[in-house]
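Okay, handing you the structure first.
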Protein chains: 2
Amino acid sequence: MKLTILFGGASFEHEISIVSAITLKGKLSGFDLSFVFCDQDHKFYLIEASKMKATTFSRGEHKKMPQLSITNGSFSQKTMFSSVEHTGTVLNLIHGADGEDGTIASLLDFFSIKYIGPRTDASVFSYDKRYTKWLCVAKNIKSVEYEVLSSKEHTNINIPYPIIIKPARLGSSIGVSIVRNESELDYALDVAFEFDKTVIVEPFIEGVKEYNLAGFMAKGEVYFSIVEEPQKEEFLDFEKKYMDFSRSEKVLKAGISPELEVKLKRAFEKVYKNLFEGALIRCDFFVVDGKVLLNEINPIPGSMANYLFDDFKSSIELLSNSLPSNKRVKVNYEYIHSISQAKGK
Amino acid sequence: MKLTILFGGASFEHEISIVSAITLKGKLSGFDLSFVFCDQDHKFYLIEASKMKATTFSRGEHKKMPQLSITNGSFSQKTMFSSVEHTGTVLNLIHGADGEDGTIASLLDFFSIKYIGPRTDASVFSYDKRYTKWLCVAKNIKSVEYEVLSSKEHTNINIPYPIIIKPARLGSSIGVSIVRNESELDYALDVAFEFDKTVIVEPFIEGVKEYNLAGFMAKGEVYFSIVEEPQKEEFLDFEKKYMDFSRSEKVLKAGISPELEVKLKRAFEKVYKNLFEGALIRCDFFVVDGKVLLNEINPIPGSMANYLFDDFKSSIELLSNSLPSNKRVKVNYEYIHSISQAKGK
């Protein structure tokens with residue numbers, strides 16, 4: 001199978017996208033893979049498979065590789081007298097800004113390039129944690145209670161301590177703090193507001209049970225990964241999360257009851273259906289008093305949550321054969337013609 | 001002032017975007033205007049001002065004009081031995097798909113081109129009428145009750161007749177029907193499902209008072225247009241709406257109480273703030289029993305609702321000097337460096 005891995009992006013998660021791409025190179029061996037890197041200046045480069053190492057990018061060696069431009073239906077590479085078109089399905093593996101905020105989705109849609117990844121609207125609802133909360137209300141999905149802060153101005157927080165403070169639009173635990181009492185609040189807010197002008201406050205639920213479930217829809221069916229109970233020390237800091245993006249070892253299925261597994265799958269379906277078609281997503285859930293609460297949607301999970309799937313390669317192949325198609329409207333100038341005729345010109 | 005009018009797009013509203021652009025050419029005379037046309041195949045053309053006539057496009061004459069490609073910071077025009085960069089602020093005047101669904105916003109953001117128009121998230125919340133309802137719930141804005149249908153399968157509609165049937169993602173009254181009794185339902189659904197796979201059902205409120213209010217935010221202040229009570233025969237059909245997009249005559253202020261005017265402005269602000277910054281939008285409200293209900297958000301109103309502003313040119317100038325800026329994240333490869341060092345390579 002032919003597949004182009006698109007990675008990088010101008011985001012705080014640029015580096016983990018590189019790690020993700022390197023991991024997928026290994027997990028999807030046997031596929032006919034191409035690698036397209038989007039640098040922090042939004043220039044695209046075609047990366048030779050043998051050069052898919054972290055240092056290629058940190059040393060700026062990608063700049064010596066062929067530059068690509070995005071055109072109708074392909075990434076185009078200029079050669080001396082003509083150009084080479086790199087066509088085929090893209091796997092959007094740009095984590096965070098650009099990749100998960102709807103920008104890359106729109107770009108690929110506009111240029112009629114098929115892709116695995118969330119569409120623009122799905123991106124908007126998963127990237128900004130406020131909008132995820134709105135989605136939960138609209139789709140009747142339970143989630144943790146929350147408050148929104150939009151400036152460092154002293155705002156009354158009504159949720160009792162301990163609380164968790166998160167920038168609204170970042171993943172990978174960047175800028176996230178647990179605050180146990182008021183004396184820790186100001187510093188935590190300063191950190192979070194470094195990354196976003198909007199901050200989400202939630203209760204920090206000590207020792208909460210956490211379960212991750214990934215999946216995708218193909219041919220009208222939802223295909224689920226196994227359910228994982230992630231190992232965590234309070235919560236993942238960025239460095240641990242970073243390592244997490246290079247995961248490729250299969251994990252053990254969480255020891256949960258069949259009833260809970262069904263509940264998690266039903267919650268996943270509520271999130272996914274009529275919004276995330278075309279994407280393989282991972283939902284992170286909390287379970288409190290037997291109730292399943294949505295914690296977070298990862299519309300482009302680290303290394304595509306390959307370690308959660310029994311047969312990851314077949315899953316990607318199945319999904320890539322069931323991508324939404326964008327039928328483009330045809331214009332017929334009917335009204336302009338009729339008006340011009342009425343005017344006699 | 002220098003301004004590039006971007007119009008056209010692959011949408012059912014392609015033609016009215018052309019009409020809008022021609023109208024703005026007149027209303028913004030004195031500005032240093034450029035015209036960039038996006039055709040139904042997503043190719044961009046630079047249109048000479050003197051050729052800004054509807055027939056230029058319906059006859060395909062634009063294809064003889066210089067083709068542009070979108071690049072970092074500009075629309076770029078290839079010449080024999082080099083290229084000309086068309087830089088400067090863009091006014092996104094693509095109505096409907098492409099322009100109002102977040103695609104063009106993402107494209108301009110990705111390529112760091114400043115623009116007047118809704119950002120990606122604002123587009124998603126105004127383009128799809130379901131998401132506008134979710135926004136209303138989240139922001140505590142009153143709107144008309146509704147139901148969602150997602151297939152032609154016989155669904156029970158609980159709202160009593162007469163009802164109004166709308167495709168979720170189209171403006172300009174395309175595909176919209178009033179249904180007075182069950183015998184008219186199937187045909188109305190067939191029409192709506194021609195245009196979208198999701199359909200919104202609302203009660204049709206006979207003789208409801210309707211008011212339009214446009215505005216934008218600049219330098220931290222909301223600037224309002226006058227309030228208009230639109231003339232309507234039941235509701236605007238596409239041909240009337242089409243004419244509507246060429247409106248340039250100033251309209252009369254609606255004869256409403258100062259109290260109602262304040263209520264409309266407060267509702268507008270709730271919709272606009274923290275979402276539509278950078279755009280000039282028009283909100284269409286209903287007033288029922290003294291209560292203000294949001295009917296629709298037009299994030300790129302026909303001919304930019306020029307006829308509602310006392311001084312349209314100054315308004316556009318003010319807005320274009322107060323556009324949100326996208327600060328792009330700088331990547332420092334800190335983690336990759338530290339990991340490479342730890343590995344000793």
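The basis for the numbers below is simple: all heavy atoms, side chains too, and nothing from hydrogens, waters or symmetry mates. Below, chain A is the first sequence line, B the second, and so on; all start at residue 1.
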Exercise for the section: Could you tell me which portion of A/V137 (side chain, backbone, both or neither) has an atom closer than 4.5 angstrom to a non-hydrogen atom of chain B? Expected result: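 The side chain, not the backbone.
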Practice task
Please step through side chain to side chain contact (heavy atoms under 4.5 Å, CB included) for the pair A/Y131 and B/V124, ending with a clear verdict.
Solution key: CA-CA 11 Å; A/Y131 301 148; B/V124 165; over 6 Å; no
Exercise for the section: Working to the nearest 0.5 Å, report the span between CG of B/D109 and NE2 of A/H42. Expected result: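 Taking CG in B/D109 and NE2 in A/H42, the distance rounds to 9.5 Å.
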Problem - B/D121 side chain reached by A/F125 side chain, heavy atoms, under 4.5 Å - result: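 Side-chain contact under 4.5 Å: no.
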Exercise for the section: Answer yes or no: is there an ion pair linking A/D101 with B/R119, defined by an N-O contact shorter than 4.0 Å? Expected result: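 B/R119 and A/D101: not salt-bridged.
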Handout entry: Separation of A/I70 CD1 from B/I70 CD1 (nearest 0.5 Å)
Key =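 Output value for this atom pair is 11.0 Å.
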Practice task
Check each atom of A/A97 against the heavy atoms of chain B and say whether the ones under 4.5 Å are side chain, backbone, both or neither.
Solution key: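 Neither part; nothing is under 4.5 Å.
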Problem - A/I18, part contacting chain B, at a heavy-atom distance under 4.5 Å - result: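 For A/I18, the side chain is the part near chain B, not the backbone.
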Practice task
In sequence, state the C-alpha distance, the side-chain angles, and the governing distance for A/S106 and B/S106, and then conclude on side-chain hydrogen bond (donor to acceptor under 3.5 Å, both in side chains).
Solution key: CA-CA 6 Å; A/S106 294; B/S106 293; 3.0 Å; yes
Practice task
Taking atom NZ of B/K53 as the centre, report whether more than 12 heavy atoms of other residues, nucleotides or ligands fall under 6.0 Å from it.
Solution key: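 Not buried by this count: 12 neighbours or fewer within 6.0 Å.
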Exercise for the section: Could you list all the salt bridge (Lys or Arg N to Asp or Glu O under 4.0 Å) pairs where at least one residue sits in residues 133-145 of chain B, not counting sequence neighbours? Expected result: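 Salt bridge (Lys or Arg N to Asp or Glu O under 4.0 Å) check on residues 133-145 of chain B returns B/K133-B/E202.
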Handout entry: Side chain / backbone / both / neither for A/L108 at chain B, heavy atoms under 4.5 Å
Key =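 The answer is neither part of A/L108.
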Practice task
Report the relative orientation of the aromatic rings in A/H14 and B/Y333; use parallel for angles under 30°, tilted for 30 to 60°, perpendicular for over 60°.
Solution key: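 The arrangement is perpendicular - the two ring planes meet at more than 60°.
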Handout entry: Pairs of heavy atoms under 4.5 Å with chain A: top-ranked of B/A10, B/S112, B/S123
Key =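 Heavy-atom pairs under 4.5 Å are most numerous for B/A10.
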Practice task
Kindly indicate, with the supporting measurements, whether the criterion side chain to side chain contact (heavy atoms under 4.5 Å, CB included) is fulfilled by B/C38 and A/F110.
Solution key: CA-CA 11 Å; B/C38 175; A/F110 187 81; 4.0 Å; yes
Problem - Backbone of B/I336 reached by a side-chain donor or acceptor of A/E15 within 3.5 Å - result: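 It does hold such a pair.
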Problem - Side-chain touch B/F111/A/L107, heavy atoms, less than 4.5 angstrom - result: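 Of all side-chain heavy-atom pairs linking A/L107 with B/F111, at least one is under 4.5 Å.
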Exercise for the section: Drop me the distance from B/S150's OG to A/K273's NZ, to the nearest 0.5 angstrom. Expected result: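 That separation rounds to 11.0 Å.
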Practice task
Identify, with sequence neighbours excluded, every residue that meets side-chain hydrogen bond (donor to acceptor under 3.5 Å, both in side chains) alongside A/N332.
Solution key: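 A/N332: side-chain hydrogen bond (donor to acceptor under 3.5 Å, both in side chains) contacts with A/E334.
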Problem - Sidechain-backbone polar pair: A/N72 side chain, B/D41 backbone, donor-acceptor under 3.5 Å - result: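 Checking the backbone N and O of B/D41 against the side chain of A/N72, a donor-acceptor pair under 3.5 Å is found.
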Problem - Max heavy-atom pair count under 4.5 Å with chain B, selected residue of A/L135, A/T71, A/D39 - result: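 When all of A/L135, A/T71, A/D39 are compared, A/L135 has the most.
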